[in-house]
There are 2 protein chains.
Amino acid sequence: MLEEGYAAVSSRRVASKAGLKPQLVHYYFRTMDDLFLALFRRRAEVGLQRQARALASAQPLRALWEYSTDPAGTALTMEFIALASHRKTIRTEIAHYAERFRAAQIEALSSLTERYGLHPDTCPPAALTVLMTSISRVIVMEQALGMSTGHAETLALVEQHLHRLEGDLKPPGTPRTPQSH
Amino acid sequence: MLEEGYAAVSSRRVASKAGLKPQLVHYYFRTMDDLFLALFRRRAEVGLQRQARALASAQPLRALWEYSTDPAGTALTMEFIALASHRKTIRTEIAHYAERFRAAQIEALSSLTERYGLHPDTCPPAALTVLMTSISRVIVMEQALGMSTGHAETLALVEQHLHRLEGDLKPPGTPRTPQSH
DNA sequence: GTCTATAGCTGGATAGAC
DNA sequence: GTCTATCCAGCTATAGAC
C-alpha cells in the first residue's frame with residue numbers, strides 16, 4: 001500500500017509475499033475489501049492505544065503532535081482514506097474509528113484547558129484537535145510530495161504555541177521539575 | 001476519478017465515454033500517465049487563474065477560503081495527490097504547480113499584512129497560507145467521509161478571524177462602503 | 001488449511017490497414 | 001485520425017480434491 005497504493009494490493013501479490021497461493025488469501029478474507037478492513041481495524045486499535053498513552057503523558061500536546069507527524073503512519077492513513085472514498089463499507093469503518101480518535105483527543109484536551117489557562121472561546125478543545133490534525137496531516141503529505149514552502153514558518157508557529165503551553169521539549173523519562181534523590 | 005478513483009480510469013472506459021475505440025486514447029496520450037498529466041495541467045492552469053481573481057478581490061482571505069473549501073475541487077485534488085504518491089513524474093508536476101499556487105498566495109497575503117495590521121511574528125503570510133490550506137483540505141476531506149466532530153467549532157474560529165480582518169461576508173458585487181450614485 | 005484447476009473478466013500497449 | 005486485430009498480462013473469485 002505504501003509503495004504502490006491500495007490498487008496495487010492484489011491477492012496474487014499478497015500471497016506471493018507470504019509464499020503462498022493466491023487462493024489462500026480468499027480463504028482467510030473472502031474479498032479484498034475484507035482484507036483491507038481487517039488490516040485497518042488492527043492498525044486502528046494499536047493506534048488508539050498509542051494515542052491514549054501520548055495523551056496521558058506529561059506533555060500531552062507535544063506527544064500528540066509527535067504522534068501525528070509520523071510520516072509512515074500518515075501516508076498509510078491517507079492511502080486508507082483514498083480507498084475509503086470509493087468503497088462504502090470501508091468509508092463507514094474509517095469514519096467510525098476517526099471519530100473515536102477525535103473523541104479521545106477532545107476528552108483529554110478538555111481536562112487540560114483550565115490547567116493551561118485556555119479560553120474556551122478563543123480555541124475550544126474540539127477546534128484544537130481539528131487544527132493539529134489538519135496541520136500535521138497536510139505538512140506531512142506535502143513533504144512526501146517534495147514541497148517545503150511555508151513549512152518552516154508553520155512548524156515554528158506550532159512550536160511557539162507548544163512552548164507557551166507545555167514548555168520545552170523533554171525526553172520521555174525526564175520529570176518536569178528536577179528532583180533530588 | 002471522482003466516483004471510483006484514479007485506478008478505475010482506463011483507456012477502455014475513457015474511450016467508451018467518448019464513444020471511441022480504446023486505441024485512440026493511446027494515440028493521443030501514449031500512456032495513461034500522459035493523460036493524467038495533461039488533465040492535471042489543464043485543471044491547474046484554470047485553477048491558478050481562479051485563485052488570482054480571488055486574491056485580487058475586495059476580500060482576498062474570504063475569497064481564498066471559499067475557493068479552497070470547494071468539495072469537488074478538493075476531492076479531485078486529493079485523488080491526484082494519491083496518484084502522485086506512486087508515480088514520480090506526476091509527483092514532480094503536482095509539487096511544481098502546488099508551489100506556484102502557494103507562491104501566489106504568499107505574495108498576495110504579504111501585501112495585506114500591513115493593511116490588516118498583522119504582526120509578521122504572530123503569523124507570517126507563509127504560515128497563514130499553510131494554515132488555511134490545511135484546515136480547508138482536512139475538513140472537506142472529513143466531510144466526504146461523513147465525519148463532523150469539531151468542524152463547527154473550527155469553522156467558527158476561522159469565521160471569527162476572517163471577520164476581524166475583513167469584516168462581514170459581502171456578495172461579490174457589493175462595495176465595501178455604500179456608495180451613492 | 002492448502003492445494004490444483006479454472007472461469008471470466010479487465011487492463012496497457014503495439015502493429016498495420018485504410 | 002480512426003479503425004481492426006492482437007498479444008500478453010493481470011485480476012477476483014469459486015469448486016473441489018487431498
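Just so it is clear, the structure is predicted and the values come from calculations on it, not from any experiment. Below, chain A is the first sequence line, B the second, and so on; all start at residue 1.
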For A:R43, the salt bridge (Lys or Arg N to Asp or Glu O under 4.0 Å) test, sequence neighbours excluded, returns none

Residues at least two apart in sequence or cross-chain that pass side chain to side chain contact (heavy atoms under 4.5 Å, CB included) with A:L155, listed by chain then number, are A:W65, A:I139

Winner on side-chain proximity to A:S10, out of C:dC3, D:dC11, C:dG11, is D:dC11

By salt bridge (Lys or Arg N to Asp or Glu O under 4.0 Å), A:E159 pairs with (sequence neighbours left out) A:R62

Heavy-atom contacts, protein to nucleotides 13-18 of chain D, under 4.0 Å, summarised as B (base), S (sugar-phosphate only) or - (none) per nt, yield BB----

Rounded to whole Å, the CG-P distance (B:L24 to C:dA15) equals 16 Å

Sequence neighbours excluded, the answer for salt bridge (Lys or Arg N to Asp or Glu O under 4.0 Å) partners of A:R13 is A:E4

B:A63 meets the side chain to side chain contact (heavy atoms under 4.5 Å, CB included) criterion, sequence neighbours left out, with B:A54, B:S57

